[in-house]
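Some notes on the structure that comes next.
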2 protein chains.
Amino acid sequence: MQQYDVKKYRTPDGYTSDIAVFSILPEKREMFKPPVMDLKLMLIKRSMTNSEGKLNIEAGKWALPGGFVDPAETAFQSAQRELMEETGVENIHLEHFGVYDAPGRDPRGWIISNAHFAIVPEHQLAKRQANDDASEVELFSVKEVLKLDLAFDHAEIIRDAISVIRHKLLETTAAKDFLPSEFTYSELQAVLLTVTNDSAISLDAAFARKIKSLPFIREITGKKTTRTSKKPTQLYRFIDADVNTSLYHSRK
Amino acid sequence: MQQYDVKKYRTPDGYTSDIAVFSILPEKREMFKPPVMDLKLMLIKRSMTNSEGKLNIEAGKWALPGGFVDPAETAFQSAQRELMEETGVENIHLEHFGVYDAPGRDPRGWIISNAHFAIVPEHQLAKRQANDDASEVELFSVKEVLKLDLAFDHAEIIRDAISVIRHKLLETTAAKDFLPSEFTYSELQAVLLTVTNDSAISLDAAFARKIKSLPFIREITGKKTTRTSKKPTQLYRFIDADVNTSLYHSRK
DNA sequence: TAAATAGTGTCTCTTAGACAATATTTG
DNA sequence: CAAATATTGTCTAAGAGACACTATTTA
């Protein structure tokens, strides 16, 4: 880095952002029933031909949405912009999780991709169906998605993305972003059960009691709903609170 | 991404790796005393002139070690290589923690940097002093390092790196990489006290008891040392064990 | 009133944290 | 023996997990 001369170094052929857009949808939702949820990933199908009518690269395969970064923006801003263009949503939880730069990962040359994940709650997703243009877009269950024929190294990126979101759901308050601002214990439970089946979470009595002691969740005093059961259920909301995640401390 | 034409997109002018090399050194070490540790960051001083004798860019400023990524390697591999070249150490805990690509961050053009941190234990660092070539290399306490005149956007990268390592020390078993393979409770405690002053860690009796119940640390039965006290002290080692870091579970 | 989900009572066991007291060395 | 660090004893309070039981509503 001391002696820099542009000609000395080969430069990349492209700089891109990819986005793993996650949503959690109810597998079924009935009156007076707590939901059963499923974690979904949004993919697009690459068109067969490009704008010049030639066969497109990786045509017909499923891929993460994304695109080239503009020199006037960061990869993160590019991901925000592309997420907006693709799904019409803004102010969404978006996070960088990896760099994909293995030589040969893209047949077009030395192309570096920054991978991000986004959390789009169900109700924001309705908007997408409206904004949806010609390109084929579909939500796949994370249990199925890796069986698809995926473009480039997106199988690897998606595997990493799923692993990251599983951890984030349990180790941070990211579940917040899958839920409405006011939610019941069984709705939070349903979100968490997409990534764990531990008894502390799956046993209703245990979890209903635990939610009251979580430092980052507060009961909305006196406010109840009957959307998950005939008996009115207490509503909760996430609050900003710093959480102690140290391995060497007890949980407070 | 559908319609790709090389001429359509501007490409980056450079792709680099930077490395924040951390070590923890004893502030003082005496016979029969537990150590008092301090977290240090290794920086290099940029030379005044480049290989052609012209004034170097950001000359004379302190900077993270790093350099340009070769098209045949990943940024991570580049960081490994540069860490080896700079410090002579291999098989070190090295981790990617951020992408720095803000427009204008480097006056030479559109240059993207992947930031990594490395943990080099004290005894490996001795090797460095041997391998050390002409370039000026120094270790700075993280308490002081941000007061220096730093090159490029390295102040921002370093701020992030310090925050990341503080979290990693408490939220993962990264403390392992700062310690010899066999260590006493007070040695682990000294490492942790560089980033926290919570009573659960600073109180000797509490911590000496806690270390026995940590699922990722095991007592080395019957093995003791007198390097930290006159009374022989039990030795421990880290073991591979998966740790439950879920916010919704109790610690086991 | 039956059915379904929400929520409480209660028991047992474990653990954290505080701090006092004891143990084991060296010089 | 004094000094210093390591370690155990002991008390208190809180919390987890299990599971039985109660509460509240709709159809």
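Note: hydrogens, waters and symmetry copies are ignored here, and every other heavy atom, side chains too, is used. A, B, ... follow the sequence lines: proteins, then strands. Residue 1 opens every chain.
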Nearest to the side chain of [X], which nucleotide is it out of [options]?
X        : options               : answer
B:Pro232 : D:dT8, C:dA18, C:dT24 : C:dT24
A:Ser250 : C:dC19, D:dT5, C:dA16 : C:dA16
B:Leu203 : C:dA18, D:dT7, C:dA6  : C:dA18
A:Arg209 : C:dA18, C:dG9, C:dT24 : C:dG9
B:Phe32  : C:dT26, D:dA6, D:dA16 : C:dT26
B:Lys33  : C:dA6, D:dA16, D:dA4  : D:dA4
A:Ser229 : D:dA6, C:dA6, D:dA20  : C:dA6
B:Lys230 : D:dT25, C:dG17, D:dA3 : D:dA3

How many Å lie between [atom1] on [X] and [atom2] on [N], as a whole number?
X        : N      : atom1 : atom2 : answer
A:Asp204 : D:dA23 : CG    : P     : 19 Å
B:Tyr248 : D:dG17 : OH    : P     : 15 Å
A:Asp198 : D:dG17 : CG    : C1'   : 10 Å

Which is true for [X] with a 4.0 Å heavy-atom rule: it touches a base, it touches only sugar-phosphate, or it touches nothing?
X        : answer
B:Thr226 : nothing
B:Ala200 : sugar-phosphate
B:Thr184 : nothing

Checklist entry - Quick one: is C:dG7 close enough that its OP1 or OP2 comes under 4.0 Å of any side-chain N or O from A:Thr233? => result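 No, no such contact exists.
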Parallel, tilted or perpendicular, as decided by the 30° and 60° cut-offs, for the rings of [Y] and [X]:
X        : Y        : answer
A:His93  : A:Phe117 : parallel
A:Phe216 : A:Phe238 : parallel
B:Tyr185 : B:Phe207 : tilted

Next on the checklist: If the test is side chain to side chain contact (heavy atoms under 4.5 Å, CB included), which one of A:Val142, A:Leu148, A:Leu150 qualifies with A:Leu146?
Outcome noted: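 The residue from A:Val142, A:Leu148, A:Leu150 that satisfies side chain to side chain contact (heavy atoms under 4.5 Å, CB included) with A:Leu146 turns out to be A:Leu150.
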Item to check | DNA chain D: 5'-proximal contact among A:Met31 and B:Lys231 (nearest heavy atom) | outcome: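 Of the two residues, B:Lys231 wins.
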Next on the checklist: Go nucleotide by nucleotide along DNA chain D from the 5' end; which of B:Tyr236 and A:Lys210 gets its closest nucleotide reached first?
Outcome noted: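 Result of the comparison: B:Tyr236.
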Checklist entry - Which angle, to the nearest 10 degrees, lies between the helix axes at the two ends of the helix from C:dT1-D:dA27 to C:dG27-D:dC1, each defined by five pairs? => result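 Comparing the axis at each end, I get an angle of 0°.
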Item to check | Atom pair CD/CG of A:Glu171 and B:Asn244 - distance to nearest 0.5 Å | outcome: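 So the gap between those two atoms works out to 8.0 Å.
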